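Here's the structure, in structure tokens; my notes come after.
Below, each value reflects all heavy atoms present in this structure, side chains not excepted, and no hydrogens, waters or symmetry copies. Bear in mind the structure is a predicted one, so any value in this text is a computation, not a measurement.
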Amino acid sequence: MGRGDLSDREWARLEPHLPKNTGRGGRWACHRKVVNGILFRQRTGIPWRDLPTRFGKWKTCHDRHRRWSADGTWEKLLRAVQADADMEGRIDWSMVSVDSTSCRVHQHAAGAHQCPARIPGRRRRPAHHRPDEAIGRSRGGLTTRIHLASDGGCRPLAVLITPGQWGDAPQMIPVLNRIHVPRPAGGRPRTRPAHLCGGDRAYSSRRNRCCLRRRQIRHTIPERRDQRANRQRRGSRGGRPSGFDQTRYARRNEVERTINALKGSCAVATRYDKRAYVFHGTVTLAAIRLWLRA
């Protein structure tokens with residue numbers, strides 16, 4: 001076992017949820033060697049053609065990662081390991097934090113074909129296809145923004161990819177809607193946290209607060225100065241001030257630590273994938289690796 005490869009304990013958690021061979025002949029060979037090759041590329045950020053030979057053919061690792069990113073296999077694996085962790089009581093639902101981070105887009109990630117992407121061998125589009133390929137322009141050049149929600153244990157519950165210049169406030173509700181932890185014993189999936197903490201004042205908007213109240217989710221989001229001044233200027237018509245618990249807000253560092261853990265992978269800190277759905281699969285795989293750790 002090489003450095004960064006899946007340990008026996010991690011492989012035992014992941015293997016039952018991987019796609020199985022069906023029918024005559026074998027479509028898939030050993031998954032473990034290929035997944036280790038994909039993890040090696042994600043951790044180091046090297047080109048696919050430079051993968052060490054101990055992982056087999058580089059094209060096999062590249063094609064399997066692209067296919068599993070397109071058909072949603074990485075998403076299914078993430079929900080499966082989250083369901084196992086929830087059944088063991090390892091998910092801290094007491095506080096879920098939302099924040100975002102920007103990652104630089106490498107020059108090789110730009111210039112994707114204008115034709116719509118399709119799943120290899122099928123006539124439908126990938127699960128997370130975006131016409132803009134989630135590449136935007138900002139002061140730093142080409143960037144992509146990663147929005148995520150993390151639990152109290154500093155592990156990602158949901159991930160969303162957008163262009164770098166998109167704001168944070170409009171993406172908070174879509175990120176929360178992506179939280180979907182199944183319950184193997186039966187029942188509806190877990191989608192609602194006990195308390196929500198906004199990463200900063202950018203998430204303070206009337207639309208977000210009304211949606212959280214409608215879902216009966218307690219929240220701690222700092223109010224912007226212009227919103228506070230506007231409310232005070234309107235007097236009694238401005239409504240009551242929103243509650244803010246400074247002690248709970250101190251736990252915002254949990255989502256920041258989650259972002260630091262995700263960006264420990266070079267292929268996440270810098271985007272090298274041309275297609276948005278492939279980069280989404282790369283970030284999802286990094287989240288799966290965090291859930292597999294002790």
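The residues Asp92 and Arg251 are annotated as salt-bridged, a charged nitrogen and a carboxylate oxygen being separated by less than 4.0 angstrom. Of the charged side-chain nitrogens involved, at least one lies within less than 4.0 Å of a carboxylate oxygen, so that Arg130 and Asp132 count as a salt-bridged pair. With respect to the salt-bridge test (charged N to carboxylate O, under 4.0 angstrom), the residues Glu223 and Arg209 do not qualify. With salt bridges taken as basic N to acidic carboxylate O contacts below 4.0 Å, none links Lys274 and Glu133.
Phe40 CZ to Arg3 CZ: the interatomic distance, rounded to the nearest 0.5 Å, is 9.0 Å. Distance check, rounded to the nearest 0.5 Å: CH2 of Trp166 to OG of Ser100 gives 13.0 Å. Taken to the nearest 0.5 Å, the OG1 atom of Thr191 stands 11.5 Å off from the CG atom of Leu157. Between Ile161 atom CD1 and Tyr277 atom OH the span is 14.5 Å, to the nearest 0.5 Å. In this structure, the separation between NE2 on His17 and CG on Leu78 is 11.0 Å, given to the nearest 0.5 Å. In this structure, the separation between CD1 on Ile221 and CZ on Arg252 is 12.0 Å, given to the nearest 0.5 Å.
When Val255, Asp151, Thr258, Thr284 are each tested for a side-chain contact (heavy atoms from CB on, under 4.5 Å) with Pro156, only one passes: Thr258. Of the residues listed (Arg289, Arg54, Arg32, Lys33), the one engaging Asp5 in a salt bridge (Lys or Arg N to Asp or Glu O under 4.0 Å) is Arg54, and it is the only one.
Remark: the His147 side chain and the Thr162 side chain contain an N/O donor-acceptor pair separated by less than 3.5 Å. With no hydrogens or angles considered, a side-chain donor-acceptor pair links Thr144 and Arg271 at under 3.5 Å. For the residue pair Ser102 / Arg145, a side-chain donor-acceptor distance below 3.5 Å is found, with atom types taken as modelled. Side-chain contact check for Arg248 and Thr220: no donor-acceptor pair (N or O, by modelled atom type) lies under 3.5 Å.
Relative orientation of the His65 and Trp48 rings is tilted, given thresholds of 30° and 60° on the angle between their planes.
Taking the centre and axis of the six-membered ring of Trp58, the NZ or CZ atom of Arg64 falls outside the cone set by 45° and 6.0 Å.
For Gly198 against Pro222, the heavy-atom pair with the smallest separation is O-CD, 4.4 Å. Contact record, Asp99 with Glu256: OD2-CG, 4.2 Å, taken as the closest heavy-atom pair.
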Residue pair Trp11, His31: steps toward the ring-ring contact (aromatic ring centres under 6.0 Å, His included) verdict: CA-CA 10 Å; Trp11 177 248; His31 281 310; 7.4 Å; no
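Remark: side-chain polar atoms of Asn208 are paired, donor with acceptor, to backbone N or O of Ala169 under 3.5 angstrom.
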